[in-house]
K.L.:
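The structure that follows is given in the form of structure tokens.
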Amino acid sequence: MDVINTDIAIVGAGGAGLRAAIEIAEADPKLNVVLISKVYPMRSHTCAAEGGAAGVIKANDSLDYHFNDTVGGGDWLTDQDAVELFVNEIPRELTRMEHWGCPWSREDAGTVAVRPFGGMKVMRTWFAADKTGFHMLHTLFQTTLKYPSIKRLDEHYATDLIVDGGRVQGAVCLEMSTGKLKLVKAKAVIIASGGAGRIFPFTTNGAIKTGDGMAMAYRAGAALKDMEFVQYHPTGLPGSGILLTEGCRGEGGYLLNKDGYRYLQDYDLGPATPEPVLKSMELGPRDRLSQAFWHEQKKGRTAASKWGDVVYLDMRHLGEKLINERLPLVRDLACSYVGTDPVTDLVPVRPVVHYMMGGIHTDIDAATTIDGLYAAGECACVSINGANRLGSNSLGELLVFGARAGRHAVEHIRTTKPAADKLVEKQASDAEQRIKLLFERKGKERVSVLRNELTHSLEDGCGIYRSGDLIQATCDKVSEVRDRYKDVMLEDKSSVFNTDLFQVLELGAMIECAQTVAVSALERKESRGAHQRLDHVERDDVNYLKHTMAFYNPNGDPRIDYLDVVITKSQPAARVYGAAAGGQHI
Amino acid sequence: MSTRTITIEVLRYRPEQDQEPFFQSYTVPCDEDWVVLDALNYIKDELDRTLSYRWSCHMFVCGSCGIVVDGEPKLGCKAFVKDYGDKIRVEPLGNFPIERDLVVVIDDFIEKLESVNPYLIPKEEKSIDDGEYLQTPAQLKAFKQYSMCINCLLCYSACPQYGLDPSFVGPAALALAHRYNMDSRDVGRKAREDVVASHEGIWECSFVGACSQVCPKDVDPAGAIQQTKITSAIDYVTSFLPGGNR
Ligand SMILES: Cc1cc2nc3c(=O)[nH]c(=O)nc-3n(C[C@H](O)[C@H](O)[C@H](O)COP(=O)(O)OP(=O)(O)OC[C@H]3O[C@@H](n4cnc5c(N)ncnc54)[C@H](O)[C@@H]3O)c2cc1C
Ligand code: SF4
């Protein structure tokens with residue numbers, strides 16, 4: 001096996017991984033960084049983010065407002081020390097992106113423009129038309145090219161972390177073009193591998209979002225935290241699941257049921273004013289909007305379409321000029337995929353799985369419980385998102401915590417002595433053996449069949465509304481799939497760019513993530529944010545103002561534990577939206 | 001949802017076992033609103049696990065799924081089957097070596113992208129505490145189009161010049177250099193000039209314009225190259241004038 005020695009290895013070259021790499025290169029150009037990614041950096045799913053990144057910059061805004069919106073939006077399951085630090089640091093991070101060339105949309109005076117976003121009291125979301133993540137990702141990637149200390153392993157698939165004596169020592173990865181295994185020995189590792197939305201059948205997440213890094217850290221002993229909190233975005237295109245950004249509603253779009261009625265006013269989000277009001281109606285938080293769809297469907301007020309039940313996004317009153325200027329991708333996607341032009345037609349939409357609030361447990365320095373292992377971005381749970389992420393907070397999160405992960409990994413290297421590494425080679429060869437076995441074994445379970453059963457079962461039991469019996473059925477199904485996976489069939493036995501192999505490995509990660517989602521959901525017997533149970537309809541702060549911590553168990557369900565939420569200055573209260581929320585009128 | 005049975009002919013090549021590329025046909029029941037990428041995913045899941053291709057976002061923005069569909073470079077996620085007949089021919093992008101099946105080796109492009117210094121080079125470093133650089137919507141507009149490139153490489157596949165001479169820097173990398181050159185916050189044109197205005201740079205382009213025609217993001221690399229030629233020519237001439245730097 002080839003061995004690469006480096007100081008810091010980063011798994012994932014999306015927004016979080018690239019930001020971490022730059023931070024390290026700037027902190028100490030002598031440190032070597034190896035950036036491992038299963039796709040070329042600019043293919044990372046950060047590119048799909050449309051709407052924008054929230055950060056306080058305007059005179060009418062305040063850090064406290066952003067803090068309160070985020071904590072309340074997360075139904076008080078956020079760690080308030082993390083949120084405070086996040087809202088403080090994000091404006092500088094976004095400014096730094098501007099200095100690196102990010103083409104933020106501008107006001108006439110040349111200052112950065114902001115747009116309204118759901119659950120935010122004041123306009124504070126920086127945007128680059130409706131391609132914010134795309135521009136951020138390309139800006140970050142191109143900026144990394146300035147730093148010779150950053151070495152990339154593009155199209156390398158990481159399979160395992162190496163942990164010896166409680167200390168991370170590196171990672172094993174497969175060179176995709178040859179099938180060759182490489183051991184990257186490192187003094188610190190940062191996981192920045194993104195989310196796991198692909199464990200659901202209907203999602204805005206790209207093919208690469210299979211939770212690999214979450215599963216790697218989990219198998220190595222780190223906890224996956226709050227995995228039951230899965231965000232449904234209210235406006236996905238039916239059929240494909242492609243996202244239409246919240247920016248559509250930020251710019252003033254309406255959500256209508258089949259009778260042309262702005263139904264959100266029936267769910268404590270009104271009154272329905274023609275002009276958008278922040279924290280009201282269409283600019284309420286995502287969990288509440290997706291839940292309202294479910295109720296409309298039950299009442300028979302959604303419209304039938306060839307793709308199933310839908311409601312409508314009405315942007316006609318915004319006019320062609322604004323749509324072209326601020327939502328060009330949305331127009332392109334709607335025209336191409338559902339044949340409706342937002343300038344003249346109602347666009348059919350429905351809720352779609354979008355984001356994992358949960359992830360690898362870290363502290364505010366992005367450190368996991370494994371010495372030398374850090375995590376940042378969507379794969380991590382710090383947690384600033386709690387039970388429901390506010391739109392436009394995660395692009396900021398990957399900058400703030402990507403940078404912190406980089407900074408603290410450097411610090412870690414400076415302050416810790418090298419550890420014994422007796423088991424490193426052995427672990428690497430174990431990883432190799434596992435892959436060899438896949439090639440040698442016959443196997444009888446098909447990847448696509450297992451994947452299908454897994455994802456549909458997750459939708460059945462862990463959707464917008466859940467109940468004990470259905471979650472239990474999903475838990476049972478996931479364990480069954482996990483067992484059957486032991487006999488999974490690798491049909492393609494070649495070495496060069498073997499995508500059958502990568503899908504087999506990805507499915508393994510998906511199963512681990514799915515199991516933590518289902519079991520954590522079963523154990524949380526309350527309703528909070530995105531976790532709504534029909535058999536436990538109230539939020540229960542006495543028993544569940546706690547993070548769920550899932551620990552790996554090779555032979556059965558994960559072990560579940562709980563961790564107190566950090567509360568500093570905002571005591572849990574009722575979440576208030578609509579007129580009473582006092583949101584800015586636009 | 002109505003379906004139509006379509007024969008997808010895919011160019012296969014597995015270097016470990018195939019002497020040379022060959023076409024393999026698959027019969028795929030396609031939903032009317034599918035894209036060619038959906039048909040490939042169907043083949044992968046239901047018919048043949050050994051077919052390899054790249055894809056991720058399925059929404060025209062990650063740039064992974066560039067392929068040639070019925071002779072034309074396309075994004076697999078933007079080639080709608082309703083626009084094609086009952087037989088669709090799918091090949092890897094042209095002008096790049098085939099790694100395997102629909103996957104091509106793009107190292108050459110990555111090197112070219114890296115060679116044009118594609119990052120902001122400001123006149124002077126501004127402190128973060130001093131806030132953002134001001135840039136009016138008009139100044140933004142001057143380069144915005146050229147910042148839209150998703151590196152899908154359809155333009156390289158279509159470019160006759162890159163086909164003839166692989167040392168040509170090529171449309172997307174030149175458009176990216178132009179994107180930074182046109183940015184009001186940037187003064188790095190000189191640093192990029194070595195590559196951009198070299199023999200392998202803009203002067204090699206014969207202005208066929210095929211790149212701009214196939215570009216799924218309206219980047220107009222041909223326009224970018226043309227504009228760069230004009231500024232470089234002016235630079236060249238003024239360098240001979242009194243006060244010029246030659
Ligand atoms: C359609 C869409 C729109 C969104 N819009 C917004 C928005 O407007 N505002 C906002 O704040 N947030 C938005 N989000 C959320 C946000 O974009 C993501 O949470 C964020 O971009 C994730 O970034 P990341 O760096 O953590 O991961 P990613 O960008 O997903 O990168 C993950 C990286 O890990 C690598 N990787 C994964 N597994 C492996 C492995 N096994 N081996 C090697 N490498 C691996 C991948 O190659 C990739 O480089 C949106 C999300 C989606 C899906
Ligand atoms: S210029 Fe257009 S065709 Fe060429 S790589 Fe960029 S987006 Fe693709």
Side-chain angles (χ1 to χ4, degrees), chain A residues 39-40 42-45 47-48 92 95-96 98-101 103-112 129 131 134-135 138-139 142-143 145-146 154 177 206-208 239-243 306-307 329 332-333 336-339 446-448 451-452 490-492 494-500 503, chain B residues 1 14-17 31 33 35 38 44-46 48-64 78 80 99-101 103 105-106 110 113-114 117-120 122 125-126 128-129 131-137 139-140 143-144 147-151 176 180 183 185-186:
Chain A
V39 294
Y40 282 94
M42 63 280 189
R43 317 289 189 219
S44 303
H45 207 59
C47 72
R92 290 173 62 85
T95 305
R96 189 170 280 118
E98 197 278 336
H99 289 197
W100 285 334
W104 297 115
S105 292
R106 303 283 177 155
E107 295 163 332
D108 288 343
T111 38
V112 166
K131 301 189 180 83
F134 162 80
H135 285 299
H138 282 249
T139 302
Q142 289 158 12
T143 301
L145 302 177
K146 287 199 291 197
D154 293 337
S177 61
I208 59 174
S240 61
I242 290 171
L243 178 79
K306 61 178 175 181
W307 306 281
L329 180 64
D332 192 6
L333 290 167
S336 303
Y337 272 100
V338 290
R446 302 200 61 195
V447 186
S448 49
R451 193 204 295 128
N452 217 15
L490 179 70
E491 293 176 53
D492 183 346
S494 65
S495 313
V496 176
F497 221 95
N498 182 343
T499 47
D500 189 26
Q503 289 193 1
Chain B
M1 187 122 25
R14 287 152 299 177
E16 292 154 280
Q17 64 186 88
D31 278 357
D33 49 7
V35 289
D38 296 321
K44 180 91 183 162
D45 282 350
E46 308 296 333
D48 187 351
R49 295 290 311 164
T50 72
L51 179 66
S52 276
Y53 50 95
R54 293 184 176 108
W55 75 287
S56 178
C57 77
H58 203 292
M59 54 184 281
F60 336 146
V61 71
C62 77
S64 308
K78 216 182 178 182
F80 286 83
E99 187 145 277
R100 164 181 184 156
D101 298 339
V103 178
V105 183
I106 64 167
I110 298 291
L113 177 133
E114 291 172 352
N117 300 330
Y119 37 79
L120 198 79
E125 291 288 343
K126 186 171 173 172
I128 298 295
D129 295 322
E132 74 265 48
Y133 293 96
L134 294 183
Q135 182 166 65
T136 64
Q139 287 172 322
L140 173 64
F143 72 90
K144 186 80 201 236
S147 72
M148 297 294 191
C149 171
I150 60 174
N151 299 346
L176 184 60
Y180 282 103
D183 190 321
R185 300 165 291 182
D186 183 272

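Fair warning: this is a prediction, and the values are worked out from it, not measured in the lab. We name chains A, B, ... by the order of the sequence lines, and we start the count at 1 in each one.
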K.L.:
Specify which of Lys131(A), Lys146(A), His138(A) makes the most heavy-atom pairs with chain B at under 4.5 Å.
P.N.:
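Going by pairs under 4.5 Å, I would pick Lys146(A).
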
K.L.:
Using non-hydrogen atoms and a 4.5 Å limit, figure out which bit of Lys144(B) sits close to chain A: side chain, backbone, both or neither.
P.N.:
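Just its side chain gets close to chain A.
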
K.L.:
Side chain, backbone, both or neither: which part of Leu140(B) has a non-hydrogen atom closer than 4.5 Å to chain A?
P.N.:
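Contact with chain A: side chain only.
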
K.L.:
What's the spacing between Phe134(A) CZ and Ser147(B) OG if we round to 0.5 Å?
P.N.:
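Nearest 0.5 Å value for the CZ-OG distance: 6.5 Å.
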
K.L.:
Please find the pair of heavy atoms, one from Leu113(B) and one from Leu145(A), that lie closest to each other, and give the distance.
P.N.:
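Between these two residues, the closest heavy atoms are CD2-CD1, 3.8 Å.
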
K.L.:
Begin from the C-alpha positions of Thr499(A) and Arg100(B) and carry the test side-chain hydrogen bond (donor to acceptor under 3.5 Å, both in side chains) through to its verdict.
P.N.:
CA-CA 10 Å; Thr499(A) 47; Arg100(B) 164 181 184 156; over 6 Å; no

K.L.:
Which region of Leu490(A), side chain (C-beta onward) or backbone (N, CA, C, O), has a non-hydrogen atom less than 4.5 Å from a non-hydrogen atom of chain B, or is it both or neither?
P.N.:
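Neither part.
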
K.L.:
Within the structure provided, determine whether Asp45(B) and Arg451(A) are in side-chain contact (heavy-atom separation under 4.5 Å).
P.N.:
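In short, these two side chains touch, coming nearer than 4.5 Å.
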
K.L.:
Contact between Arg185(B) and Trp100(A) at the side-chain level, heavy atoms closer than 4.5 Å - yes or no?
P.N.:
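The answer is no; the side chains never approach within 4.5 Å.
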
K.L.:
Measuring heavy-atom distances to chain A, does Val103(B) have an atom under 4.5 Å in its side chain, in its backbone, in both, or in neither?
P.N.:
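It is the side chain, since no backbone atom gets that close.
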
K.L.:
Under 4.5 Å heavy-atom distance to chain B, tell me which part of Tyr337(A) shows up: side chain, backbone, both or neither.
P.N.:
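Contact with chain B involves both backbone and side-chain atoms of Tyr337(A).
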
K.L.:
At their closest point, which heavy atom of Gln142(A) faces which heavy atom of Pro118(B), and how far apart are they?
P.N.:
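Closest heavy-atom pair between Gln142(A) and Pro118(B): CB-O, 2.8 Å.
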
K.L.:
Count the heavy-atom pairs under 4.5 Å between each of Asp38(B), Leu176(B), Asp48(B) and chain A, then report the option with the highest count.
P.N.:
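Of the options given, most contacts go to Leu176(B).
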
K.L.:
Between Ser495(A) and chain B, with a heavy-atom cut-off of 4.5 Å, which part of the residue counts as in contact: side chain, backbone, both or neither?
P.N.:
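The answer is both parts of Ser495(A).
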
K.L.:
Counting only non-hydrogen atoms closer than 4.5 Å, does Leu51(B) touch chain A with its backbone (N, CA, C, O), its side chain (CB onward), both, or neither?
P.N.:
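Only the backbone of Leu51(B) comes within 4.5 Å of chain A.
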
K.L.:
Among residues at least two apart in sequence or on other chains, which ones pass salt bridge (charged side-chain N to carboxylate O under 4.0 Å, His left out) with Glu16(B)?
P.N.:
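Checked Glu16(B) against salt bridge (charged side-chain N to carboxylate O under 4.0 Å, His left out); zero matches.
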
K.L.:
Taking Thr139(A), Thr143(A), Leu329(A), Asp332(A) one by one, which has the highest count of heavy-atom pairs under 4.5 Å against chain B?
P.N.:
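Answer, by heavy-atom pair count under 4.5 Å with chain B: Asp332(A).
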
K.L.:
Measure Val39(A) against the heavy atoms of chain B and call it side chain, backbone, both or neither at under 4.5 Å.
P.N.:
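For Val39(A), there is no contact with chain B at all, as no heavy atom is under 4.5 Å.
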
K.L.:
Does the distance from a Lys or Arg side-chain N to an Asp or Glu carboxylate O, for Asp500(A) and Lys44(B), drop under 4.0 Å?
P.N.:
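Salt bridge between Asp500(A) and Lys44(B), a charged N being under 4.0 Å from a carboxylate O: no.
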
K.L.:
Within a strict 4.5 Å, meaning less than it, do heavy atoms of the His99(A) and Leu120(B) side chains meet?
P.N.:
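Side chain of His99(A) against side chain of Leu120(B), heavy atoms only: no contact under 4.5 Å found.
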
K.L.:
Passes salt bridge (charged side-chain N to carboxylate O under 4.0 Å, His left out), Lys306(A) versus Asp31(B)? Steps please.
P.N.:
CA-CA 11 Å; Lys306(A) 61 178 175 181; Asp31(B) 278 357; over 6 Å; no

K.L.:
Against chain A, label Val105(B) side chain, backbone, both or neither, depending on which of its atoms sit under 4.5 Å from a heavy atom there.
P.N.:
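Neither part; nothing is under 4.5 Å.
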
K.L.:
Less than 4.5 Å to any heavy atom of chain A: does that hold for the side chain of Pro15(B), its backbone, both, or neither?
P.N.:
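Side chain of Pro15(B) only, per the 4.5 Å heavy-atom cut-off to chain A.
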
K.L.:
For Thr111(A) and Leu134(B), which heavy atoms make the closest approach, and how far apart are they?
P.N.:
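The pair with the smallest heavy-atom distance is CG2-CD2, 3.7 Å.
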
K.L.:
Quick one: what part of Ala48(A) sits under 4.5 Å from any heavy atom of chain B, side chain, backbone, both or neither?
P.N.:
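Backbone plus side chain of Ala48(A), per the 4.5 Å heavy-atom cut-off to chain B.
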
K.L.:
Name the member of His58(B), Lys78(B), Arg14(B), Gln17(B) that forms the most heavy-atom pairs with chain A at distances under 4.5 Å.
P.N.:
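With the most close heavy-atom pairs to chain A, the winner is His58(B).
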
K.L.:
So which part of Tyr53(B) gets closer than 4.5 Å to some heavy atom of chain A, the side chain, the backbone, both or neither?
P.N.:
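Only the backbone of Tyr53(B) comes within 4.5 Å of chain A.
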
K.L.:
Look up atom OG in Ser56(B) and atom CZ in Arg43(A), then write down how far apart they are to the nearest 0.5 Å.
P.N.:
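The CZ atom of Arg43(A) is 10.0 Å from OG of Ser56(B), to the nearest 0.5 Å.
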
K.L.:
With a 4.5 angstrom heavy-atom cut-off, could you sort out which part of Tyr133(B) is near chain A: side chain, backbone, both or neither?
P.N.:
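For Tyr133(B), backbone and side chain are both near chain A.
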
K.L.:
Decide side-chain hydrogen bond (donor to acceptor under 3.5 Å, both in side chains) for Gln139(B) and Arg106(A); before the verdict, give the C-alpha distance in whole Å, the side-chain angles of both, and the deciding distance to 0.1 Å.
P.N.:
CA-CA 10 Å; Gln139(B) 287 172 322; Arg106(A) 303 283 177 155; over 6 Å; no

K.L.:
Using a cut-off of 6.0 Å, state whether more than 12 heavy atoms not belonging to Asp129(B) lie near its atom CG.
P.N.:
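Atom CG in Asp129(B) is packed in, count exceeds 12.
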
